[in-house]
2 protein chains.
Amino acid sequence: MAIPPAVNRPVGTIERAIEIMEYLKENDTATVSEMTDHLDCAKSTTHRYMKTLAANSLLVEDGNEYQLGIRFLDYGEVARNKYRLYDEAKPRVDELAEETEEKIWCAVEEHGRSVHIYGAQGKHSVQTYARVGHRNYLHQHAAGKAILAHLPDSQITETIDRHGLPGRTPETITDRDELWEEIETIRDRGYAFNFQESVEGLHAVGAPITDENDIAIGAISVSGPASRLEGPFLRDELPTLLLGVVNEIGINMAHP
Amino acid sequence: MAIPPAVNRPVGTIERAIEIMEYLKENDTATVSEMTDHLDCAKSTTHRYMKTLAANSLLVEDGNEYQLGIRFLDYGEVARNKYRLYDEAKPRVDELAEETEEKIWCAVEEHGRSVHIYGAQGKHSVQTYARVGHRNYLHQHAAGKAILAHLPDSQITETIDRHGLPGRTPETITDRDELWEEIETIRDRGYAFNFQESVEGLHAVGAPITDENDIAIGAISVSGPASRLEGPFLRDELPTLLLGVVNEIGINMAHP
DNA sequence: GTGTTTTGTTCGAGTAGCTTGAATCAGTGC
DNA sequence: GCACTGATTCAAGCTACTCGAACAAAACAC
């Protein structure tokens with residue numbers, strides 16, 4: 001979970017292959033020609049890359065179109081299961097969704113960004129861009145800020161240096177000093193709010209799951225339309241509920 | 001979903017990188033030295049590979065140990081969502097799990113093998129080796145055989161030629177002629193049984209989801225202990241239930 | 001404590017093999 | 001029919017990937 005070290009001489013071939021996967025993730029499907037325009041190399045090279053990936057089931061051919069193969073699910077599931085947190089958090093996230101009737105997410109930090117490892121929707125929950133596996137900036141949402149505030153200062157600095165503070169809505173915190181103030185506030189109260197900082201009209205609360213040293217190993221958030229998530233429900237009721245859950249998960253993680 | 005063509009000159013670098021991912025999938029975690037023993041190249045090369053993969057979040061470093069990064073989830077989810085089948089099948093698989101109280105799987109064919117794209121467990125359902133994303137031989141289980149029987153003969157032959165008929169339990173069909181007979185039977189009755197052919201003590205029924213030309217686009221299966229899945233419940237009740245569900249899904253897939 | 005072994009990591013040189021562009025083939029539109 | 005766009009193949013050239021040796025750092029034996 002640490003910041004990845006700069007690689008001295010990365011293998012270009014691998015990086016270009018990942019570039020292909022990334023492009024297909026964003027654009028769903030692509031032809032050899034289209035990919036050649038995106039990468040910066042000869043068409044024959046792109047062709048060979050994509051054929052190699054397809055021969056290994058990482059890509060699937062459909063006529064001239066290529067897409068990501070579901071073999072990735074295999075790798076993804078293995079990775080997810082490694083996070084014991086997933087096993088501990090899943091049932092409680094499900095319960096929270098039932099209880100609050102809103103969208104619940106469990107996220108962890110990886111390489112200075114957040115990854116949603118599990119989500120459950122309540123009866124009224126909103127659909128957002130988010131998906132399982134979705135990678136996000138820590139400073140842009142409730143769970144991420146909850147995690148960020150419960151990391152060592154040095155790691156927070158590293159993270160900001162590495163990824164910057166890109167904005168997403170007019171409300172997103174993009175100023176370093178402002179973020180540090182917010183972090184202090186979150187540390188004091190023990191949980192984080194998100195007032196339309198990631199999606200317009202969306203509010204959220206996030207609380208960190210911490211280890212015995214009070215370092216975040218993940219976070220859980222509740223999000224919903226600003227119209228429903230407001231007043232004492234947002235300010236008191238949800239935080240209390242969340243804190244109970246994250247404490248319980250934290251204890252279970254510490255005492256297997 | 002077709003059989004992937006043999007690649008003329010696959011890119012070795014990419015294949016070796018995939019080899020690393022595959023090893024980590026099987027062994028959860030590995031060091032540079034361990035991986036060097038597995039691959040057949042210099043330690044410095046392995047090192048460069050793993051660092052490059054880690055720098056792109058496909059691998060995560062934890063001290064000297066490397067594991068798969070959950071970035072794969074991201075790719076996997078994108079791939080899964082492409083299969084519209086997933087959206088159609090999910091709610092019905094959930095219902096079946098509730099109703100039968102056994103384990104339900106939805107699988108598709110990719111490159112001549114089956115991939116579990118969604119699973120739901122009923123109250124009493126058994127835990128097997130299977131996972132979402134799990135790749136399997138078509139001839140070894142109920143859903144796979146249901147799919148196999150509803151493919152064009154040419155594709156069946158190609159599949160057998162490509163992957164052979166490896167055994168798994170003493171009951172697995174490993175003889176070509178026997179398999180063709182079984183395929184005829186399955187085509188006649190419209191669904192497939194699995195009597196301890198993949199796991200000892202486990203029975204299952206699988207029915208294909210077909211398109212307008214009666215070609216399989218996937219399958220749904222119910223599996224459970226042989227002691228519970230037997231007699232008229234297995235022979236009549238479950239098949240009827242399954243056929244209703246797969247027909248409904250097939251119709252929805254044909255008329256979006 | 002010291003010597004020994006095992007690990008990850010760096011670096012320059014050499015050549016395996018990746019990249020390239022041109023040529024060929026397959027399909028579409030006009 | 002021809003032109004055009006796309007995928008695919010191939011030999012030749014040179015990039016950059018691989019290697020082994022050397023170093024650093026940690027783990028271990030005694």
Side-chain angles (χ1 to χ4, degrees), chain A residues 1-24 27-69 111 158, chain B residues 1-24 27-69 111 154 158 162:
Chain A
M1 309 239 193
I3 303 281
V7 180
N8 272 5
R9 292 188 300 170
V11 183
T13 305
I14 295 179
E15 298 207 308
R16 230 165 305 141
I18 294 174
E19 187 71 24
I20 290 178
M21 286 152 34
E22 197 62 28
Y23 185 86
L24 285 173
N27 299 68
D28 269 27
T29 169
T31 63
V32 172
S33 301
E34 185 182 346
M35 191 64 76
T36 305
D37 292 342
H38 177 67
L39 301 174
D40 195 31
C41 64
K43 190 162 63 166
S44 52
T45 303
T46 313
H47 175 252
R48 212 147 85 84
Y49 270 64
M50 294 177 88
K51 279 291 186 198
T52 304
L53 289 169
N56 287 279
S57 301
L58 293 188
L59 263 46
V60 176
E61 296 184 59
D62 187 9
N64 285 341
E65 300 279 323
Y66 287 80
Q67 357 177 301
L68 292 175
H111 294 336
E158 265 181 309
Chain B
M1 306 243 191
I3 305 279
V7 179
N8 273 7
R9 294 187 301 170
V11 184
T13 305
I14 294 179
E15 298 207 308
R16 230 164 304 141
I18 294 173
E19 186 69 25
I20 291 178
M21 284 150 37
E22 199 61 28
Y23 184 86
L24 286 173
N27 299 67
D28 269 28
T29 168
T31 62
V32 171
S33 300
E34 185 183 347
M35 190 64 74
T36 305
D37 291 343
H38 176 66
L39 301 176
D40 195 32
C41 65
K43 190 162 64 167
S44 51
T45 303
T46 313
H47 176 251
R48 212 146 86 83
Y49 270 64
M50 295 178 86
K51 279 291 187 201
T52 304
L53 289 168
N56 287 280
S57 303
L58 293 188
L59 263 48
V60 177
E61 296 184 59
D62 187 8
N64 285 341
E65 300 279 322
Y66 287 79
Q67 359 177 299
L68 292 175
H111 295 337
S154 59
E158 265 181 310
R162 184 171 194 81

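Keep in mind that the numbers below use all heavy atoms, side chains included, and drop hydrogens, waters and symmetry copies. Because the structure is a prediction, the values reported are computed rather than measured. Convention: sequence-line order gives letters A, B, ...; per-chain numbering from 1.
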Chemist: Note the angle between the end axes of the helix from C/dG1-D/dC30 to C/dC30-D/dG1, five pairs defining each, rounded to 10 degrees.
Modeler: 40°
Chemist: Between B/D40 (CG) and C/dA16 (C1'), how many Å, whole number?
Modeler: 15 Å
Chemist: Enumerate all atom pairs, one protein N or O and one N or O from nucleotides 15-17 of chain D, separated by less than 3.5 Å.
Modeler:
residue	atom	partner	partner atom	Å
D/dC17	OP2	A/G12	N	3.0

Chemist: Any chance you could measure A/T31, atom OG1, to A/E61, atom CD, to the nearest 0.5 Å?
Modeler: 12.0 Å
Chemist: Are B/E22 and A/N56 side-chain neighbours, meaning at least one heavy-atom pair lies under 4.5 Å?
Modeler: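 B/E22 does not reach A/N56 side chain to side chain.
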Chemist: Using whole Å, report how far CG of B/D37 lies from P of C/dG8.
Modeler: 10 Å
Chemist: Does any non-hydrogen side-chain atom of A/M21 lie less than 4.5 Å from one of B/L58?
Modeler: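 Heavy-atom side-chain distance check passes, below 4.5 Å.
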Chemist: To the nearest Å, how far apart are A/I14 CD1 and C/dG17 P?
Modeler: 15 Å
Chemist: Any chance you could lay out the side-chain contact (heavy atoms from CB on, under 4.5 Å) test for A/T13 and A/Y49, step after step, and finish with the verdict?
Modeler: CA-CA 9 Å; A/T13 305; A/Y49 270 64; 3.2 Å; yes
Chemist: Find out whether A/I14 and B/I14 are in side-chain contact, i.e. whether some heavy atom of one side chain is under 4.5 Å from a heavy atom of the other.
Modeler: no
Chemist: Could you tell me whether the phosphate oxygens of C/dT9, OP1 or OP2, come under 4.0 Å of any side-chain nitrogen or oxygen in B/H47?
Modeler: yes
Chemist: Using whole Å, report how far CG of B/L39 lies from P of D/dT18.
Modeler: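 Interatomic distance, CG of B/L39 to P of D/dT18: 11 Å.
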Chemist: One pair to check against side-chain contact (heavy atoms from CB on, under 4.5 Å): B/E34 and B/Y66. What are the steps and the verdict?
Modeler: CA-CA 11 Å; B/E34 185 183 347; B/Y66 287 79; over 6 Å; no
Chemist: Can a donor-acceptor pair be found between the side chains of A/Q67 and A/T29 at a distance below 3.5 Å?
Modeler: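 A/T29 and A/Q67 do not have a side-chain donor-acceptor pair below 3.5 Å.
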Chemist: Side chain of B/S44, heavy atoms from C-beta onward: which of C/dG21, D/dT8, C/dT10 has the nearest atom to it?
Modeler: C/dT10
Chemist: Might you list the N or O atoms of the protein lying below 3.5 Å from N or O atoms in nucleotides 4-6 of chain C, with each pair's distance?
Modeler:
none

Chemist: Would you say B/P10 and A/K51 make side-chain contact, with heavy atoms under 4.5 Å?
Modeler: no
Chemist: Could you check whether any side-chain heavy atom of B/E19 comes within less than 4.5 Å of a side-chain heavy atom of B/H38, counting everything from C-beta outward?
Modeler: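 When only atoms from C-beta onward are counted, B/H38 and B/E19 do touch, with a gap below 4.5 Å.
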Chemist: So B/L68 and B/L59, side-chain contact (heavy atoms from CB on, under 4.5 Å) or not? Walk me through it.
Modeler: CA-CA 5 Å; B/L68 292 175; B/L59 263 48; 4.3 Å; yes
Chemist: May I ask you to evaluate whether A/K43 reaches the phosphate of C/dG21, defined as a side-chain N or O under 4.0 Å from OP1 or OP2?
Modeler: no
Chemist: Under the criterion side-chain contact (heavy atoms from CB on, under 4.5 Å), I'd like the reasoning laid out for B/T46 against B/C41: C-alpha separation, chi angles, the key distance, then a yes or no.
Modeler: CA-CA 7 Å; B/T46 313; B/C41 65; 3.6 Å; yes
Chemist: In whole Å, what is the span from the CE atom of B/M50 to the P atom of C/dT9?
Modeler: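 My rounded result for the distance is 10 Å.
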Chemist: Which whole-number value in Å describes the distance from B/K51 NZ to C/dC11 P?
Modeler: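 Atom NZ in B/K51 sits about 14 Å away from atom P in C/dC11.
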